[in-house]
2 protein chains.
Amino acid sequence: MARQGSLSANPAPSLRIGEVARRTGLPVKTIRYYCDEGLLQPKDRSAGGYRLFDEENLAELAIIRALRAMDVSIPELARILEVRRAGVCNCGVLKDSIAAKMESINLRIGELAAMKDELARLLSSWQDCGGSKLQR
Amino acid sequence: MARQGSLSANPAPSLRIGEVARRTGLPVKTIRYYCDEGLLQPKDRSAGGYRLFDEENLAELAIIRALRAMDVSIPELARILEVRRAGVCNCGVLKDSIAAKMESINLRIGELAAMKDELARLLSSWQDCGGSKLQR
DNA sequence: AAGAACCCTCCACTGGGTAGAAGCTTCACC
DNA sequence: GGTGAAGCTTCTACCCAGTGGAGGGTTCTT
């Protein structure tokens, strides 16, 4: 009964996990994992136990995807989303976490650049190796 | 008998794992782990079963440390060190792996820079948030 | 011979998923 | 109304590169 939205005037269409996966591009397993970790709370369950998602869940997944791509950890995300879910403005929390993330990105970029230089140095110092025995 | 080198003229002083840890700055557990994974082969064992390392092992650890810092994976390192141990010049292998690594570092730096820009944009667009309810 | 420092193996845990198994639900079509 | 396929459920186990601890043996110094 009441299958997939269009029968009722309810604006929440109750997407199932596969559809959410299709729309977000995330693997089904990953979405389930986010649910298990408390990042995502499906709005409902079907009589058979299927997770039912709504547009708000999609919005949350968009946030999760964006911040995960920036290496925000799952616990940190849980914190952020919880505050968000409580309806409180969490600009402060987000700003702190984003500022910290930018700092760590800067550090990481510096490290990577140093590595690259070192590798380039290494490569150029090897131009003369002929392919015989290695002198240890 | 023949404790810790100086009694014999042998140039290999048979370091124990703690001393190797001290010299390389790596945790004992990590060195043991590298042995388990086949990256490092202690030259000997004491009668009591202690791993005994030599200078060559230290050289290998230096390589491991340097390449691990550049995110070369353990299996890849195992491959590299195996070839090296066989006495064959593995400049080709190393060069390929280093070139690939530089490529991926470049990619990663680009990604990180893009993230940073996006985060900066995000931060600057939030200067006006007052701290009340979040409009979702 | 005692005691401190050192080392051994084995097992379990981390984070962020991913893979597969066994079984239940939903859907479209006939 | 029946059937097959797809989709879903939970559960367990695995990946990497280590790290932590338990429980017990070894080496060195005094």
Side-chain angles (χ1 to χ4, degrees), chain A residues 1-7 13-53 57 61 63-81 104, chain B residues 1-7 13-53 57 61 63-81 104:
Chain A
M1 53 198 74
R3 51 185 262 284
Q4 295 299 90
S6 53
L7 280 183
S14 284
L15 309 163
R16 291 195 319 205
I17 204 166
E19 180 61 22
V20 172
R22 227 162 283 121
R23 292 209 198 179
T24 59
L26 288 168
V28 167
K29 291 244 176 192
T30 301
I31 298 170
R32 225 175 263 136
Y33 170 71
Y34 288 159
C35 292
D36 292 349
E37 295 304 304
L39 293 195
L40 202 58
Q41 292 168 349
K43 280 291 130 63
D44 209 351
R45 290 270 183 159
S46 78
Y50 288 14
R51 291 170 186 83
L52 299 176
F53 300 88
N57 290 135
L61 267 178
I63 293 174
I64 292 170
R65 242 169 74 98
L67 297 189
R68 274 300 300 139
M70 295 166 199
D71 280 329
V72 175
S73 72
I74 299 286
E76 175 109 12
L77 264 173
R79 220 161 45 82
I80 290 171
L81 289 169
S104 77
Chain B
M1 55 197 73
R3 52 187 258 284
Q4 294 302 86
S6 51
L7 280 184
S14 284
L15 309 163
R16 290 193 320 203
I17 203 167
E19 180 60 23
V20 173
R22 226 163 283 124
R23 293 208 197 179
T24 60
L26 288 168
V28 166
K29 287 252 177 188
T30 301
I31 298 171
R32 226 176 260 138
Y33 170 73
Y34 289 159
C35 292
D36 291 350
E37 296 304 304
L39 293 194
L40 201 59
Q41 293 169 348
K43 280 293 130 67
D44 209 350
R45 290 268 182 160
S46 79
Y50 287 14
R51 290 172 186 84
L52 299 176
F53 300 89
N57 290 137
L61 267 178
I63 293 175
I64 292 170
R65 239 168 75 96
L67 295 189
R68 274 301 300 139
M70 296 167 199
D71 281 331
V72 175
S73 73
I74 299 286
E76 174 109 13
L77 265 174
R79 219 160 46 81
I80 290 170
L81 289 169
S104 78

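Chain A is the first sequence line, chain B the second, and so forth, proteins listed ahead of strands; every chain is numbered from 1.
- Rounding to whole angstrom units, CD of residue B/Glu19 and P of D/dT27 are separated by 17 Å.
- On a pure distance criterion of 3.5 Å, no polar donor-acceptor pair joins the side chain of A/Tyr50 and the base of D/dT9.
- Taking OH from A/Tyr34 and CG from A/Leu81, the interatomic distance works out to 11.0 Å, rounded to the nearest 0.5 Å.
- Residue B/Arg51 has no polar side-chain atom (N or O) positioned under 4.0 Å from OP1 or OP2 of C/dC7.
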### Query
Please walk me through it: do B/Glu19 and B/Arg16 pass salt bridge (charged side-chain N to carboxylate O under 4.0 Å, His left out)?
CA-CA 6 Å; B/Glu19 180 60 23; B/Arg16 290 193 320 203; over 6 Å; no
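- Looking at which nucleotide of DNA chain C each of B/Gly18 and A/Thr30 is closest to, the 5′-most match is held by B/Gly18.
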### Query
Would B/Leu61 and B/Ile64 satisfy side chain to side chain contact (heavy atoms under 4.5 Å, CB included), going step by step from the backbone distance to the final call?
CA-CA 5 Å; B/Leu61 267 178; B/Ile64 292 170; 4.1 Å; yes
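- For C/dT9, the OP1/OP2 oxygens have a side-chain nitrogen or oxygen of B/Arg45 closer than 4.0 Å.
- Rounded to an integer number of Å, the gap from B/Lys29 NZ to C/dT9 P is 11 Å.
- In this structure, A/Ser46 does not reach the C/dT25 phosphate: none of its side-chain N or O atoms is under 4.0 Å from OP1 or OP2.
- Among the nucleotides D/dA17, D/dT9, C/dC7, the one closest to any side-chain atom of A/Arg32 is D/dT9.
- A close approach under 4.0 Å does occur between a side-chain nitrogen or oxygen of A/Arg68 and OP1 or OP2 of C/dG17.
- Annotation: the span from A/Leu52 atom CG to A/Ser46 atom OG amounts to 5.5 Å, rounded to 0.5 Å.
- The nearest whole Å value for the distance from the CG atom in B/Leu40 to the P atom in D/dA17 is 16 Å.
- In this entry the distance linking CZ of A/Arg65 with P of C/dG16 reads 17 Å, nearest Å.
- Straight-line distance from the CZ atom of A/Arg16 to the P atom of C/dT25: 13 Å, rounded to whole Å.
- Distance OH (B/Tyr33) to P (C/dT9): 16 Å, rounded to an integer number of Å.
- Distance, A/Ile17 CD1 to D/dC8 P: 7 Å, rounded to whole Å.
- For the pair A/Val28 and B/Pro75, nearest-nucleotide mapping onto DNA chain D gives the more 5' position to A/Val28.
- The CZ-C1' distance, from A/Phe53 to D/dC8, rounds to 11 Å in whole Å.
- Dashed line: the shortest gap from a side-chain N or O of B/Tyr34 to OP1 or OP2 of D/dG18 is under 4.0 Å.
- Considering CZ of B/Arg68 and CD1 of B/Ile74, their distance stands at 5.0 Å, rounded to 0.5 Å.
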